[in-house]
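Below is one structure; the comments refer to it alone.
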Amino acid sequence: MTRTRLTLYDTTLRDGQQTQGVQFSTPEKHQIAAMLDALGIDYIEGGWPGANPTDSEFFATRPRTRATLTAFGMTKRAGRSAENDDVLAAVLNAGTQAVCLVGKTHDFHVTTALGISLAENLDNISASIRHCVAQSREAHFDAEHFFDGYKANPDYALQALHAAHGAGARWVVLCDTNGGTLPGEIRAITEAVIASGIPGERLGIHCHDDTGQAVACSLAAVEAGARQIQGTLNGLGERCGNASLTTLIPTLLLKPAYAERFETGVSHDALRELLKISRRLDDILNRVPLRTMPYVGASAFAHKAGLHASAILKDPSTYEHIDPASVGNARVVPMSNQAGQSNLRMRLEEMGITVEKGDTRLGAILEDVKAREDQGYAYDSAQASFELLARRALGQVPEYFEVKRYRVTVERRKNKYNEMVTLSEAVVVVKIGDEKKLSVSESMDAEGHDRGPVNALSKALAKDLGPYQAAIDDMKLVDFKVRITQGGTEAVTRVIIDSEDGQGRRWSTVGVSPNIVDASFEALLDAVNWKFLRDGVSPCRT
């Protein structure tokens, strides 16, 4: 059976930049564009040339891509011709093969926001699209607030679409700009648009996630006949974000209801890189990945309950809707005080350890986990620390080095500018074989900012580990979480640290102590030891 082609249009570089706290640099935009191109996206919207220096610089140095690079802008303003509108000229001067213009389709916005007549707005749309087509550009029209506009005045909203379509727009994109339209409404209205005379192969869908249903709304439009889907990586976007291509793409490729009817430019080989692409974007943004993201989240295939793990051990499909490897992810069976031997055996097998059912060491490990979690440890959030605990019980963790002592001092003082500043200094003494090594480090970064005592400890520990140094040179801390597990004078602090290395591996370790610095140091030691263990580092004996 011949499958219908769906076109994927990414707006990460524009809509994604409207996310609170997100501001891409031009080099970062180039990196993201390369990632999108490798994934197989059809259109990459690079931004709005002329709107800000970063977007203008991006188009001035626009990358070569297989995907169609697209410049975004708006329809011409009332009272001037398309040929003499400087904002529209900046979009065309970007030199991209395709341009996407946004225009009003809700009568309320036309008369209130623009302050012009409904007829003038229709003329602005058609004149702008005709001008772009005359300049040999592939024209897209983003019908802003379309669904709200259709519900308020369907005749006018459709007139606006037909103005763009009649002027030669290749794609007319239906935008749920406020993000409040529900999937059933999206489908019914999209069907009405097609019935009005605009074919589905010329229709796109652009949804925001204000009700948490942007992906469902996008799929509803596809079911109705739309053949272009707009979205962003990791669902970036203003307010609650846009439809997440990180969720939409695997759904289209892996779910038979769509995979058997449609095809995209994303191959299954490229799909297996989806997790890396998602994490790379978070790295660029200096954000911690959302663990609960569908398909690519760290918890997307985590099975904590003993009943679930027992079934997974027999057949993964009992609690997994896809093979995690198909999107580059992996199954996780966390250890916690809810765990049973099924969880434990499965987790050990994933670590490459086979322990026979009934082995007395299994019970001992479980009891140790439960006792330590009673003290405040949390192994469902710190898989690397659990692996070290289990392997130590099985005699499989060598002693790479011994910490003889460490010290951290924190000083608060005024600098030469009479500003109050803090500075931490850490001293770590380790014994490697027969040799002792002392390392000292401060918490000040290259920009002169204090990064705190844990940062100083981490730098001191990793400063000189002799024969092991090469194994940790690519290791870095990416997240640090603190939780007080008891109140009052007997408060206990739990610290979970996330680390990452040059291979893209990310692992979590836990430490518990009444002292936050001591808890942090315990988690740091686990992070380093896990790295040595996984890299097959041989312990030094001299």
Side-chain angles (χ1 to χ4, degrees), residues 39 212 215-216 219 233-235 244-259 266-283 287-354 369 378-387 390 478-479 481 496 498-501 503-510 530 534:
L39 182 59
V215 168
L219 294 174
L233 286 178
N234 291 353
S244 175
L245 290 177
T246 321
T247 299
L248 275 163
I249 290 172
T251 298
L252 294 170
L253 267 68
L254 300 176
K255 294 302 179 181
Y258 298 101
V266 180
S267 69
H268 284 274
D269 284 342
L271 184 64
R272 283 188 278 273
E273 299 297 311
L274 190 64
L275 177 88
K276 290 183 181 178
I277 291 172
S278 174
R279 295 280 175 83
R280 179 63 187 136
L281 178 64
D282 283 325
D283 284 344
R287 301 198 331 176
V288 178
L290 182 62
R291 300 185 67 88
T292 54
M293 279 188 68
Y295 295 103
V296 296
S299 298
F301 301 97
H303 308 280
K304 182 175 179 180
L307 179 64
H308 291 199
S310 178
I312 285 284
L313 191 60
K314 297 169 184 174
D315 187 335
S317 67
T318 51
Y319 284 96
E320 289 178 353
H321 66 111
I322 64 161
D323 177 2
S326 62
V327 292
N329 211 335
R331 181 178 305 119
V332 176
V333 181
M335 295 309 302
S336 72
N337 58 15
Q338 297 184 39
Q341 290 202 10
S342 295
N343 292 55
L344 179 56
R345 289 180 59 233
M346 178 183 295
R347 188 70 185 95
L348 293 176
E349 285 183 7
E350 290 173 353
M351 291 157 43
I353 303 170
T354 300
V369 168
Y379 289 108
D380 60 328
S381 301
Q383 294 297 301
S385 285
F386 164 73
E387 181 173 343
V478 293
D479 196 20
K481 297 179 283 289
I496 293 179
D498 290 348
S499 304
E500 189 176 72
D501 65 11
Q503 301 176 52
R505 294 183 303 191
R506 189 180 292 254
W507 63 100
S508 300
T509 51
V510 61
W530 185 90
R534 278 303 177 98

Pairing of E387 and R534 as salt bridge, 4.0 angstrom limit: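 Salt bridge between E387 and R534, a charged N being under 4.0 Å from a carboxylate O: yes.
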
Could you state the interatomic distance from [atom1] ([X]) to [atom2] ([Y]), rounded to the nearest 0.5 Å?
X: T247; Y: L233; atom1: OG1; atom2: CG; answer: 10.5 Å
X: E500; Y: D283; atom1: CD; atom2: CG; answer: 4.5 Å
X: N329; Y: D323; atom1: CG; atom2: CG; answer: 10.0 Å
X: L275; Y: R280; atom1: CG; atom2: CZ; answer: 13.5 Å
X: R506; Y: D479; atom1: CZ; atom2: CG; answer: 8.0 Å

Counting distance only, does the side-chain N/O of S267 pair as donor-acceptor with the main-chain N or O of A270 below 3.5 Å?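 Yes, because the side chain of S267 sits within donor-acceptor range (under 3.5 Å) of the backbone of A270.
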
As a quick check of understanding, evaluate side chain to side chain contact (heavy atoms under 4.5 Å, CB included) for Y295 and I249, giving each step before the final call. CA-CA 10 Å; Y295 295 103; I249 290 172; over 6 Å; no

Heavy-atom pair of closest approach, residues [X] and [Y]:
X: H268; Y: L254; result: CE1-CD2, 4.0 Å
X: L219; Y: Y258; result: CB-OH, 3.6 Å
X: R272; Y: A325; result: CG-O, 3.4 Å
X: L245; Y: P250; result: O-CD, 3.9 Å
X: P289; Y: R279; result: CG-CD, 3.6 Å

Going through the checks in order, is the side chain to side chain contact (heavy atoms under 4.5 Å, CB included) test met by T246 and L281? CA-CA 11 Å; T246 321; L281 178 64; over 6 Å; no

V510 vs F386 side-chain heavy atoms within contact, under 4.5 Å: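 Contact flag for V510/F386 side chains = no.
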
Heavy-atom distance under 4.5 Å between the side chains of L39 and E273, does that happen here?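 No, side chains not in contact.
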
Evaluate the criterion side chain to side chain contact (heavy atoms under 4.5 Å, CB included) for residue pair D498 and K481; output intermediate values, then yes/no. CA-CA 9 Å; D498 290 348; K481 297 179 283 289; 3.3 Å; yes

Does K276, at its NZ atom, have more than 12 non-hydrogen atoms belonging to other residues, nucleotides or ligands within less than 6.0 Å?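 Check fails, neighbour count at 12 or below.
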
